[in-house]
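Okay, so here's the structure we're looking at.
Computed from heavy atoms alone, side chains included, the values below leave out hydrogens, waters and symmetry copies. Letters A, B, ... are given to chains in the order of the sequence lines, protein chains preceding strands, and every chain is numbered from 1.
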There are 2 protein chains.
Amino acid sequence: MEEIEKVLSFIIEIEKLKDVHRKTKPVGLERFENSAEHSWHVCLSAMMLKDFANEPINIDRVIKMLLIHDLGEIDVGDTIIYASETEQLKSAEAEGIARILSILPSGKSDEFVELWCEFEAGETSDARYAKAIDRVPPLLHNLHGNGHSWRTHGVTQEQVLGLNSRIEQGSSELWQVIRKQLEAAFEQGILNKDL
Amino acid sequence: MEEIEKVLSFIIEIEKLKDVHRKTKPVGLERFENSAEHSWHVCLSAMMLKDFANEPINIDRVIKMLLIHDLGEIDVGDTIIYASETEQLKSAEAEGIARILSILPSGKSDEFVELWCEFEAGETSDARYAKAIDRVPPLLHNLHGNGHSWRTHGVTQEQVLGLNSRIEQGSSELWQVIRKQLEAAFEQGILNKDL
């Protein structure tokens, strides 16, 4: 009984992720996305793109990783990836995820702390694929939303191509398709100031 | 390549679930929840409560079910469960899910249409557990939010206890804990008009 009460407290605590605002707006919406709905979106994206992964992956592990990957933001907020992933920020996020998972009954959190660390390190095939897919939705938001977040944050074509090329590490076929869409959008002036 | 483009179209189409508003407000927030962030929340809830399921379940299948369970709402919207689950509504939702999944490359949608039907029918142990957990977050929203949605929709104590007792079919231990919390809240007057 006490264990269930602890899980219910955890379920209430993670509500806060619904109030962490990201830097892009979902296609067709005038508001910024929150990290909870992003987490759902990226899980479904991973599930539907799994056959295009470069390496054999365990999609069930990938989905679990992606369900929890942003929980640390409850304590530190969301930061734009182009602003660089600093050591300080990562360590604050690690503290955040440890705090939040510690609400769970004893012994239940270790698996997820490890999964989060694996995701962050990005050195296994599951983590490489998960990190690749995590880039896709915000990129589509910009591609189908007049580059709104790139423009606001002064992100250049080179930065867009450079940072998102990590998609290639998870799925080179996917990167090929997206790179082509990006280049077409650049050609049509998506990042030109006078558009 | 064409297959990937189709999946990307699907990923953009399902953004619309972020604009389907539900009837409860997340704990601590003044706005209504949307069905995308709810889907994420219920997946994590299922993952963390899995050890309390009545029957052996495959949590990976449960999570997949819950990731897609509300996609049909893109076409029909969300309706409060107390307003009864009509045949007409269910069939419109079934059409919706079929339309949305048909955006995927050919052969990729069948698995998910079947999974959705299994969830809706609620006759397997995975579906029973998934449907039980789907009730938990909105119930917590009301319990920790002064019964706001119950009050707005004139839901009685008997209706709350009656409809949510389906939690028992997925996890009787969980229902025991929640029932106790509900009864305590009723005793403290959560549904009294003059509170």
Backbone N/O of A:Pro26 and side chain of B:Glu15: donor-acceptor pair under 3.5 Å: no
Minimal non-hydrogen separation, B:Trp40 against A:Ser39, with atom names: CD1-CB, 3.3 Å
Max heavy-atom pair count under 4.5 Å with chain A, selected residue of B:Asp60, B:Ile63, B:Val177, B:Ile59: B:Asp60
Chain A contacts, top residue of B:Glu5, B:Lys64, B:Glu33 (heavy-atom pairs, under 4.5 Å): B:Lys64
Exam field: side chain A:His41 to backbone B:Ile11, donor-acceptor pair closer than 3.5 Å: yes
Minimum heavy-atom distance A:Phe52-B:Val7, with the two atoms named: CE1-CG2, 4.4 Å
Heavy-atom proximity to chain B below 4.5 Å, by part of A:Leu174: both
A:Arg61, part contacting chain B, at a heavy-atom distance under 4.5 Å: neither
A:Leu67 versus chain B, the contacting section by heavy-atom distance below 4.5 Å: both
Passing option when A:Leu8 is tested against B:Leu140, B:Leu143, B:Leu139 for side-chain contact (heavy atoms from CB on, under 4.5 Å): B:Leu140
Pairs of heavy atoms under 4.5 Å with chain A: top-ranked of B:Cys43, B:Ala36, B:Ser171, B:Gly28: B:Ala36
Flag side-chain contact, heavy atom, 4.5 Å: A:Leu101 against B:Met48: yes
Most contacts with chain A, counted as non-hydrogen pairs under 4.5 angstrom, among B:Lys108, B:His144, B:Met47: B:Met47
Side chain, backbone, both or neither of A:Lys18 within contact of chain B (heavy atoms, under 4.5 Å): both
Closest-packed option against chain B by number of heavy-atom pairs under 4.5 Å, given A:Ile14, A:Asp51, A:Asn34, A:Ile68: A:Ile14
In one Ile/Leu/Val/Met/Phe/Trp/Tyr side-chain cluster, 4.5 Å: B:Val160, B:Val27: yes
Interatomic distance, B:Ile4 atom CD1 to A:Gln181 atom CD [nearest 0.5 angstrom]: 10.0 Å
Which portion of B:Leu104 sits near chain A, non-hydrogen atoms under 4.5 angstrom: side chain
Shared hydrophobic cluster for A:Leu29 and A:Leu17 (ILVMFWY, side-chain gaps under 4.5 Å): no
Donor-acceptor pair between B:Glu37 and A:His38 side chains, under 3.5 angstrom: no
A:Val76 with A:Val113, same ILVMFWY side-chain cluster at under 4.5 Å: no
Side chain to side chain, B:Glu173 and A:Glu3, heavy atoms closer than 4.5 Å: no
hydrophobic_cluster_shared for B:Leu71 and B:Ile103, side chain cutoff 4.5 Å: yes
Residue A:Leu66 versus chain B: region with a heavy atom under 4.5 Å: neither
B:Lys90 atom NZ, neighbour heavy-atom count above 12 within 6.0 Å: yes
